[in-house]
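Notes to accompany the following structure.
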Protein chains: 2
Amino acid sequence: MDKRDLRDLHVLVEHVGPLAAGAHIFREGEPFNALAAVRAGTVKTWRVDRDGREQVLGFHLPGEVIGLSAIDGERYPCNADALEPVQLCRFSFTKVATLATRVPGLQRELFRLLSRDIAHAERLAADRPAEARLAAFLLDLSARLSRGNPATGHLRLAMPRADIANYLRLAPETVSRLFRRFRDDSLLRVRGREVEITDRRRLEAFAEEPPGHRAGS
Amino acid sequence: MDKRDLRDLHVLVEHVGPLAAGAHIFREGEPFNALAAVRAGTVKTWRVDRDGREQVLGFHLPGEVIGLSAIDGERYPCNADALEPVQLCRFSFTKVATLATRVPGLQRELFRLLSRDIAHAERLAADRPAEARLAAFLLDLSARLSRGNPATGHLRLAMPRADIANYLRLAPETVSRLFRRFRDDSLLRVRGREVEITDRRRLEAFAEEPPGHRAGS
DNA sequence: CGATAGGTTGACGGTTCTCAAGGGAGGTGG
DNA sequence: CCACCTCCCTTGAGAACCGTCAACCTATCG
């Protein structure tokens, strides 16, 4: 991707926001016209399955792209909400795709983003105990928040416990009990949505724990 | 995509097989050089997670493409085995990608295939009771085997129960008991790997069942 | 016929869910 | 400044779903 291509890409970008916490970014079924990259804040994507129950698909931090899974159809397959004040860049997808036919590096980047989402969903589908899920979630969040820099171990969760639980396919009560257990084992320091990872090594051990005695699926 | 493009695509195709049941098509970590489309037979994709346990990611029937999730990196992220005698078409991915920069329709098709895999993995990650998982699995398989034609309701499962169970994140015993229950409720007729769906309507009702009283995740 | 792989069935226990009630924390109005 | 409300989170008790362990059965094959 040379300078001219970068300029072409830049022209497609439309800055959006700040959007207030709780704002709808797009909704399931809306015509798919744009990808978006998060510039600030946290975005939650979710869907309602046939029984009418909300299902959280992911949380998106600054630097991450949302709306990719819409590329298949003409409509968004999920909803996206702002969990806190959010700023976005929007790209017209058809224009990006057209540009990608001229710029192999851009096409490759789009493929990379899509297959990263596949890997993400496959990890979510893995069969692991509740404590491993929460531990992995916190470590993943910590790594993504620091974006390459050495992770500080301090997190400010943008989402309520219920969203974490839903995302991890657990009951909110289970998440609460796990936070308590991790704190009692002095893996974390927790006060509301402020979390500090105090023993990363042992938290990683929990995250890799095998299914062991499972009850649920 | 016009005729010349079709011819260009055709040149990239290499017919492979028949491969015997149990044959390895590619293995995790191998350099990623080709996509493959299944022409006959059934392919299982799977991975070993850090605890050394096998995790089945999917089953691929004639007409379906495997290896897509490798597009991200330079290496296959999973293994692919033949469950029964299999015939394939292999495409050099780099050549397909290069061609895709000239043929927007092909690029769009690749995006479509990738985002379909995202949707698949998200469905797998959904939190539903064991009976809903198995019911949905059988209905999905039935639909994919008939490829548009009216589904006959008759299935010949290419995979052992253990693979079905692993794919659905259940214990093999649970799958066995569910087959028995579905048969006792006369939703299915089952004899080994021969399955006939005798009451599609009620099977669909089971497939959409809400989590209800769950125990596991 | 014995061996092996795959499938079934039963008993039991565990992880996690549901149901229910009880504490903050933050905002608004008096 | 205090009362009050509303979320959000926590904690407890009991039950449920499903996994593990173990045994047995069946079919295929040499």
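To find a chain, count down the sequence lines: A is the first, B the second, and so on, and within it residues start at 1.
Separating the CE atom of A:Met159 from the C1' atom of D:dC9 is a distance of 16 Å, rounded to the nearest angstrom. Rounded to whole Å, the distance from CZ on A:Arg191 to P on D:dC8 is 19 Å. Look at CG on B:Leu178: it is 14 Å from C1' on C:dT9, rounded to the nearest Å. For B:Phe179 and C:dG6, the CZ to P distance is 16 Å, given to the nearest whole Å. Atom CZ of A:Arg161 and atom P of C:dG23 are 19 Å apart (whole Å). Taking atom CZ of B:Arg128 as the reference point, atom P of D:dA16 lies 23 Å away to the nearest angstrom. The CG atom of B:Asp163 sits 15 Å away from the P atom of C:dA5 (whole-angstrom rounding). Atom CG in B:Leu83 sits about 12 Å away from atom P in C:dG6, given to the nearest Å.
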Worked check of salt bridge (charged side-chain N to carboxylate O under 4.0 Å, His left out) between B:Glu64 and B:Arg144
CA-CA 9 Å; B:Glu64 300 176 353; B:Arg144 285 157 61 200; 2.9 Å; yes
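Between C:dG6 and B:Arg193, no contact under 4.0 Å exists linking OP1 or OP2 to a side-chain N or O. For B:Arg180 and C:dT8, the shortest distance from a side-chain N or O to OP1 or OP2 is not below 4.0 Å. Applying the 4.0 Å criterion to OP1 and OP2 of C:dC17, one finds that A:Thr174 has a side-chain N or O inside that range.
With A:Phe179 as the aromatic partner, A:Arg161 meets the cation-pi criteria of under 6.0 angstrom to the ring centre and within 45 degrees of the ring axis.
Of the possible donor and acceptor atoms, one in the side chain of A:Arg133 sits under 3.5 Å from a partner among the backbone N and O of A:Arg128.
Judged by atom type and distance alone, B:Glu131 does not reach the base of D:dC17 through any side-chain donor-acceptor pair under 3.5 Å. No hydrogens or angles were tested; on distance alone, a donor-acceptor pair under 3.5 Å links the side chain of A:Arg177 to the base of D:dG12.
The structure places CG of B:Leu134 at 5.0 Å from CZ of B:Phe182, a figure rounded to the nearest 0.5 Å.
Taking every side-chain heavy atom of A:Glu173 into account, C:dA20 is the closest of C:dC17, C:dA20, D:dC9.
B:Lys44 pairs in a side chain to side chain contact (heavy atoms under 4.5 Å, CB included) with only one of the listed residues (B:Asn79, B:Asp163, B:Asn166), which is B:Asp163.
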